[in-house]
Amino acid sequence: GLGQLVVPVPIQELVFRSGPKAAEMDNFPSGLYFAKDSIELLPETTELLPPLGKAFSEENYVVRLEGHVDKDENPDLAGQRAVRVRDLLIELGVPRTKMRPQSCKALHPLSRTKHAVNRRVELHIL
């Protein structure tokens, strides 16, 4: 299996300590979540973008934007979600060269029962 081929690598994931989130995400952290079968962020999560844009513009971060889908969605949406977040951050002044969108498809679910939390983009500092 994949477990024999994987070498653990420490990563720095950006995690939101607080922020708005949909009721269905109650037991999960705030983050960049999407409606089912959509590349548009949930309205509750768009408020998180301006502080991110400011931080990425001021700091010398290069960030991997990992797009995810739930198991019932088209896997191509994962990459499209990462690109959508990149484009929104570009509109906020973040240079394109500081962001690397990537598709993780449905390979890393946060929950097997609450599919909404699997429709997300995670941010990892490179």
Do you reckon L48 sits in the same ILVMFWY cluster as I39, going by side-chain contacts under 4.5 Å, direct or chained?
no
Taking a hydrophobic cluster as the set of Ile, Leu, Val, Met, Phe, Trp and Tyr residues connected by side-chain heavy atoms closer than 4.5 Å, whether directly or through intermediates, do Y33 and L107 fall within one such cluster?
no
From the list V85, T45, L41, side-chain contact (heavy atoms from CB on, under 4.5 Å) with V121 holds only for V85
Nearest heavy-atom contact between P101 and A82 is CB-CB, 3.7 Å
So, for S103 and A78, which heavy atoms are closest and what is the spacing to 0.1 Å?
OG-CB, 3.3 Å
Side-chain contact test, heavy atoms from C-beta onward, threshold under 4.5 Å: evaluate it for E73 versus H115 and give yes or no.
no
Report yes or no: does R96 contribute a side-chain atom to a donor-acceptor pair with the main-chain N or O of D87 at less than 3.5 Å?
no
Evaluate the criterion salt bridge (Lys or Arg N to Asp or Glu O under 4.0 Å) for residue pair E66 and R64; output intermediate values, then yes/no.
CA-CA 6 Å; E66 292 185 354; R64 182 175 58 239; 2.8 Å; yes
Would you indicate whether K105, at its atom NZ, is surrounded by more than 12 heavy atoms from other residues, nucleotides or ligands within a distance under 6.0 Å?
no
Got a sec: does the NZ of K36 have more than 12 other heavy atoms crowding it under 6.0 Å?
yes
Same apolar cluster: L89 and V83, side chain cutoff 4.5 Å
no
Would you say the side-chain atoms of N118 pair up with the backbone N or O of L110, donor to acceptor, closer than 3.5 Å?
yes
When you check the gap from the basic side-chain N to the acidic O, do E91 and R86 get nearer than 4.0 Å?
no
Does V63 belong to the same Ile/Leu/Val/Met/Phe/Trp/Tyr cluster as I90, with side-chain heavy atoms less than 4.5 Å apart forming each link?
yes
When you check the gap from the basic side-chain N to the acidic O, do E40 and R84 get nearer than 4.0 Å?
yes
Less than 4.0 Å between a side-chain N and a carboxylate O, is that true for E122 and R120?
yes
Closest non-hydrogen atom pair between G93 and S57, with its separation:
O-OG, 3.4 Å
If you compare all heavy atoms of P109 against all heavy atoms of R112, which two are closest, and at what distance to 0.1 Å?
CG-NH1, 3.5 Å
Spacing of OG belonging to S38 relative to CZ belonging to R119, to within rounding of 0.5 Å
9.5 Å
Flag side-chain contact, heavy atom, 4.5 Å: D37 against N74:
no
Can you check whether L42 reaches F34 side chain to side chain, under 4.5 Å on heavy atoms?
no
Within-4.5 Å side-chain heavy-atom neighbours: L32 and T46
no
In Å, rounded to the nearest 0.5 Å, how long is the span from NE2 of H68 to CG of L77?
13.5 Å
Decide side chain to side chain contact (heavy atoms under 4.5 Å, CB included) for R100 and V62; before the verdict, give the C-alpha distance in whole Å, the side-chain angles of both, and the deciding distance to 0.1 Å.
CA-CA 8 Å; R100 310 270 191 283; V62 174; 3.8 Å; yes
